[in-house]
A.B. asks: 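Before anything else, here's the structure in question.
Both backbone and side-chain heavy atoms feed into the values below; hydrogens, waters and symmetry mates do not. Throughout, a chain's letter reflects where its sequence line sits, starting with A, and its residues are numbered from 1. The structure presented is a predicted model; accordingly, all values stated were derived computationally and were not measured.
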Amino acid sequence: MPRRRSRVARRWRPRLRRLGIAALFAAVGSGLWYAEEREVRERLSWMGVPTWERPTPLSLHRVLRNDGYLVGWSDLRVGSLWASYQLRADRRFPVGDRPGFRRDWRTLWPLTPNAYRRSGYDRGHLAPNYAIAAAHGPAAQRDTFLMSNMMPQRPDLNRRLWQRLEEVVVDHFLPRFGRLQVIAGPVFADDVAAGVLHRVGLVEVPVAFYKILVVPGRHPRALAFLMPQDVDGGEPLDRFLVSVDRIEAMTGLDFLPNLSEEAAAALEGRVVTEGWGLAAVADLPGRFE
DNA sequence: TTTCGTGT
């Protein structure tokens, strides 16, 4: 029987060898992909990418990588749960005109630029046009107009209060600290059944939005805002301060997962405004009033 | 220099 075995072996050995080579390529390729993906994520987000504290279907997201920022896309909410990006004061690009809104085919959901038409809601950027364009250039600016970066926002919030906060981040906090990690996203109603119904087309409408500012480094600082949809828009910004813990409790997300327990407790447990110079900027008027 | 929608 040795002859027969060797015939089988002769027949299969080249196939196995080809399979082995293919597996090797796949392993090396996916290893390289994983290393590169991790490198990009680390460059774009300090202390890790937001993740869920306890996995639930509604905190589940997949990370979409863009030029200059990351978003956590939720297929259940048909929207993004967070956008995360870094800003640096030492490198600025000139900012060109606003490009058009674009569909993002990675979401799979048919979410076209006219998705919110006549709904009473604005297409509100999570990762902002101006700050990203100034920090990361024109290709990144175009990416901020992907529909995966939009959430339905009431006009008085988007064009007034939220715009004032974005302006203060770029004009005051960034020059003050030199570097910022920013994470912004929606907060949804506790009532899951209500959320299923409260939609613009396919997209679930948030009840509020958060924005977390972190100054990275050995002695990090953090400041967090929680802004409901139904604001007037002219309120002082510091009326909306909350702790990072509060936002984590409301969203089920862990925003800085690589932070040690002690560091997280100190940074996220309470509102600390010393050093931010809030009094000077809380009442600045918006650009479009 | 920083947000948008609507109507033409």
Side-chain angles (χ1 to χ4, degrees), chain A residues 66-69 71 79-80 83 85-104 111-186 199-201 203 205-206 208-211 213 225 227-237 240 277-278 280-289:
Chain A
N66 299 299
D67 201 329
Y69 74 101
V71 293
S80 284
Y85 52 96
Q86 273 196 35
L87 303 175
R88 305 183 68 103
D90 56 6
R91 210 168 53 120
R92 296 278 302 245
F93 290 84
V95 177
D97 290 342
R98 290 162 65 93
F101 292 90
R102 280 157 49 217
R103 178 165 178 188
D104 186 341
L111 206 56
T112 57
N114 64 12
Y116 304 176
R117 273 181 78 164
R118 285 190 289 275
S119 68
Y121 290 92
D122 282 3
R123 295 170 290 190
H125 282 66
L126 293 181
N129 163 43
Y130 182 83
I132 295 283
H136 299 281
Q141 178 181 29
R142 280 193 295 280
D143 278 2
T144 69
F145 280 81
L146 289 167
M147 287 305 289
S148 52
N149 187 41
M150 303 302 150
M151 287 301 280
Q153 235 175 12
R154 296 311 307 272
D156 283 337
L157 176 60
N158 185 38
R159 306 176 198 185
R160 304 189 76 210
L161 193 69
W162 192 260
Q163 187 277 326
R164 285 168 52 216
L165 179 57
E166 289 182 344
E167 187 167 332
V168 163
V169 168
V170 176
D171 293 346
H172 296 274
F173 296 148
L174 186 57
R176 191 181 197 92
F177 297 114
R179 184 179 164 211
L180 287 173
Q181 177 74 46
V182 187
I183 307 167
R199 300 206 171 215
V200 171
V203 182
V205 177
F209 289 85
Y210 64 85
K211 189 183 283 268
L213 311 173
F225 297 85
M227 296 179 165
Q229 289 272 27
D230 61 356
V231 293
D232 165 72
E235 300 93 335
L237 295 175
F240 301 95
L278 266 171
V281 297
D283 288 300
L284 288 179
R287 193 162 291 262
F288 309 103
E289 334 221 337

A.B. asks: Over all heavy atoms of both residues, which pair between A:P128 and A:T144 is shortest? Give the atoms and the distance, please.
C.D. replies: O-CG2, 3.7 Å

A.B. asks: Quick one: does NZ or CZ of A:R160 land under 6.0 Å from the six-membered ring centre of A:F288, within 45 degrees of the ring axis?
C.D. replies: no

A.B. asks: Of A:R92 and A:G124, whose nearest nucleotide on DNA chain B comes first from the 5' end?
C.D. replies: A:R92

A.B. asks: Specify the separation, in whole Å, of atom CG of A:N114 and atom P of B:dG7.
C.D. replies: 14 Å

A.B. asks: Starting at OH of A:Y121 and ending at P of B:dG5, how long is that distance when rounded to a whole Å?
C.D. replies: 14 Å

A.B. asks: Grab the CG-C1' distance between A:D156 and B:dG5 for me, whole Å please.
C.D. replies: 13 Å

A.B. asks: To the nearest angstrom, how far is A:H136 atom NE2 from B:dT2 atom C1'?
C.D. replies: 15 Å

A.B. asks: Nearest whole Å is fine: how far is B:dC4 C1' from A:F209 CZ?
C.D. replies: 14 Å

A.B. asks: Identify, residue by residue, the members of residues 281-289 of chain A with a heavy atom below 4.0 Å from DNA chain B, and return them in order of residue number, or none.
C.D. replies: A:R287, A:F288

A.B. asks: Any salt bridge between A:R154 and A:D122, counting N to O under 4.0 Å?
C.D. replies: no

A.B. asks: Using only side-chain N and O atoms of A:R160, determine if any of them is under 4.0 Å from OP1 or OP2 of B:dT3.
C.D. replies: no

A.B. asks: Measuring to OP1 and OP2 of B:dC4, would you say a side-chain N or O of A:H125 lies under 4.0 angstrom away?
C.D. replies: yes

A.B. asks: Distance check needed: B:dT3 C1' versus A:Q141 CD, whole Å only.
C.D. replies: 14 Å

A.B. asks: Evaluate A:Q86 against A:R179 for side chain to side chain donor-acceptor pair (under 3.5 Å), listing each step before the verdict.
C.D. replies: CA-CA 7 Å; A:Q86 273 196 35; A:R179 184 179 164 211; 3.1 Å; yes

A.B. asks: Can you tell me how far P of B:dT2 sits from CG of A:L161, to the nearest Å?
C.D. replies: 19 Å

A.B. asks: Quick one: does A:L126's side chain get under 4.5 Å of A:Q153's, heavy atoms only?
C.D. replies: no

A.B. asks: Looking at the rings of A:Y69 and A:H136, which for Trp means the six-membered one, are their centres under 6.0 Å apart?
C.D. replies: no

A.B. asks: May I ask you to verify if any side-chain N or O of A:R117 is less than 4.0 angstrom from the OP1 or OP2 atom of B:dG5?
C.D. replies: no

A.B. asks: Please figure out whether A:V95 or A:D122 has its closest DNA chain B nucleotide nearer the 5' end.
C.D. replies: A:V95

A.B. asks: Nearest to the A:E167 side chain among B:dT6, B:dT2, B:dG5, which nucleotide is it?
C.D. replies: B:dT2

A.B. asks: OP1, OP2 of B:dG5 versus side-chain N and O of A:R123: anything below 4.0 Å?
C.D. replies: yes

A.B. asks: Should the pair A:R123 and A:F101 be classed as cation-pi, given the thresholds of under 6.0 Å to the six-membered ring centre and 45° from the axis?
C.D. replies: yes

